[in-house]
Amino acid sequence: MADTAEPVAVALDNATVAFRVAGDRVYTAVERASLSVAHGEFVAIVGPTGCGKSTLLNVAAGLLKPAAGAVRIFDQPLTGLNRDAGYLFQADALFPWKTAIDNVAIGLEIKGAPRAMALERAQGWLTSVGLGAFGNRYPHMLSGGQRKRVGLAQVLIRDPKILLMDEPFGPLDAQTRQIMGNLLLELWTADRKAVLFVTHDLEEAIALADRVVIMSAGPGARIIGDWKVALPRPRDISEVRMEKQFHELHREIWSVLKDEVMKGYAQSSLAAEAS
Amino acid sequence: MPRLTLLFWQLMVAVVALSLWQFFATVPVFGRMLLPPFFFSTPVDVASQIYKWFATGVIWKHLMITLWESVLAFVIGSVGGVLVGFWFARQPRVAAVFDPYVKMMNALPRVVLAPIFALWLGLGIWSKVALGVTLVFFIVFFNVYQGVKEVSTTVLDNGRMLGMSERQLTRHVYWPSALSWMFSSLHTAVGFAVVGAVVGEYLGSAAGLGYLIQQAEGVFDVGAVFAGMFVLSAFVILIDFGVTLVERRLLVWRPAPVARD
Ligand SMILES: Nc1ncnc2c1ncn2[C@@H]1O[C@H](COP(=O)(O)OP(=O)(O)OP(=O)(O)O)[C@@H](O)[C@H]1O
Ligand SMILES: [Mg+2]
């Protein structure tokens, strides 16, 4: 699938991830999943809840070591943390004791940038995510969506070559999702990074990505589908949804995804009953 | 409730309680004094005792001594608690080795140490400071230890992904988290610093509020005992108020401080 011309930014090769649960039992969350993201490519992962999307991102970030399989970052085997990646976590990850602007500036400060310069750049990033006036607020004074946006600025200010995003627009309302989606596309077009974007919203995935990857329900989740999105760029999130091609692709992917979503749901309610 | 109304009712509680006390201590009910002044004194006597202490100025010396002992106990105990708590949390092996001893020492009622401290450090302020330190240290220690241990793993991972070294993680993640837990235990710690000082004085000294109360008890001067208790309470409330001010400045980033002890 990967373009031979472009270097492969992230390559998971038959990655298997197992967790130890309750004593000696082992839960294999992801089994032999293979996935690659070319340099400058925008890949969206969609899958039923609990299938292992965050797990895959953690593997790509180097936070989690797969039990089997290989991870390669720009054709180098990944050992330790992935230094080329910026990671926007699914859960709240801002430093609660730092103001929004300090949260953004920290990425530069720890690299040794002078504070004044770091603050200035941070202010610029806050403005581009629409929070220019919220710099001196602490995370608990921001809404869930505003926190995500600060998180986005925090990651982008370091200018990582690879962007890992775990449901970044999860807590946002539909309108803000579109605004943020367009913003993300705009930023990405200006400076093409490899993006691995997790979402549970298939429409969002198609609207944003170059490729949409579908995961099966766990346990032992694997990648069961990979679609190229040939919609022309630049795209506008709300307009692209009107196109015929969009609908055809959506129907095609959904016919596969639907079964997995039902399976995933059945499994998690079974597990809930068992425990 | 509006502030003024609240204040009014708070004052009313004091007025009613003091009036009842004064009434039953001075007016016989069915030919019997319900609160014999010899055992219960009267609010008026207590107030005049307090007034006398302040008018003559004798109280200041005792207050200053107790304050000084409390401050020293608090500072030494907190610094020790923070350092050791931090060290243990970052070095699980050290913590595992010392764990049973820490638990043993914490389980020990600290009052029994007072005579030993008096023996080692004399009857001056240092034996009281030492007693306070043993109380403050463990509170701060456990909170800081907990604070470092319970840093959100997501926040920690975020720091790592942003490129923080272990030292930077310590400075930007572990340390603020530990401090916030320490501050949530501050009220308790300050309270215990005062307890250590007063109990130490009570058990053997030549000055301080504890000494004053102990002297009064020795001659069955219940009025002076109560007066000492009131001065002590006011003293603790004032210190606590100061702590609240410091806390508000330093913990602006928190939604609402959660008290832990
Ligand atoms: N540390 C862990 N220990 C045990 N099981 C885990 C652990 N982390 C994740 N799992 C399990 O692995 C599976 C995949 O989890 P993951 O968080 O990757 O799901 P997800 O696809 O991101 O779900 P969602 O869309 O709800 O965020 C889940 O069934 C989860 O219960
Ligand atoms: Mg997830």
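Proteins come first, then strands; the chains are lettered A, B, ... in the order of their sequence lines, and each starts at number 1. All values below were derived from every heavy atom in this structure, side-chain atoms included, with hydrogens, water molecules and symmetry-related copies excluded.
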So for A:Asp92, is it side chain, backbone, both, or neither that comes closer than 4.5 Å to the heavy atoms of chain B?
backbone

Part of A:Tyr87 within contact of chain B (heavy atom distance under 4.5 Å)
both

Segment of B:Ser180 engaging chain A (4.5 angstrom heavy-atom cut-off):
neither

For a 4.5 angstrom cut-off between non-hydrogen side-chain atoms, does [X] reach [Y]?
| X | Y | value |
| --- | --- | --- |
| B:Met161 | A:Leu63 | yes |
| A:Phe95 | B:Val155 | yes |
| A:Ile106 | B:Met164 | yes |

B:His187 NE2: over 12 foreign heavy atoms closer than 6.0 Å
yes

Around atom CZ of A:Arg192, are there more than 12 heavy atoms from other residues, nucleotides or ligands closer than 6.0 Å?
yes

Quick one: which of A:Gly107, A:Gly86, A:Pro96 has the most heavy-atom pairs under 4.5 Å with chain B, could you say?
A:Pro96

Only pairs of heavy atoms separated by less than 4.5 Å count here; which of A:Glu109, A:Met141, A:Gln154 has the most with chain B?
A:Gln154

Please answer whether the main-chain N or O of B:His172 pairs with a side-chain N or O of A:Trp97 as donor and acceptor at a distance below 3.5 Å.
yes

If you take all heavy atoms of A:Arg83 and B:Arg160, which pair is closest and at what distance?
NH1-O, 3.5 Å

When rounded to the nearest 0.5 angstrom, what is the spacing between [atom1] in [X] and [atom2] in [Y]?
| X | Y | atom1 | atom2 | result |
| --- | --- | --- | --- | --- |
| B:Trp253 | A:Lys98 | CH2 | NZ | 11.5 Å |
| B:Thr154 | A:Leu94 | OG1 | CG | 11.0 Å |
| B:Leu162 | A:Arg158 | CG | CZ | 5.5 Å |

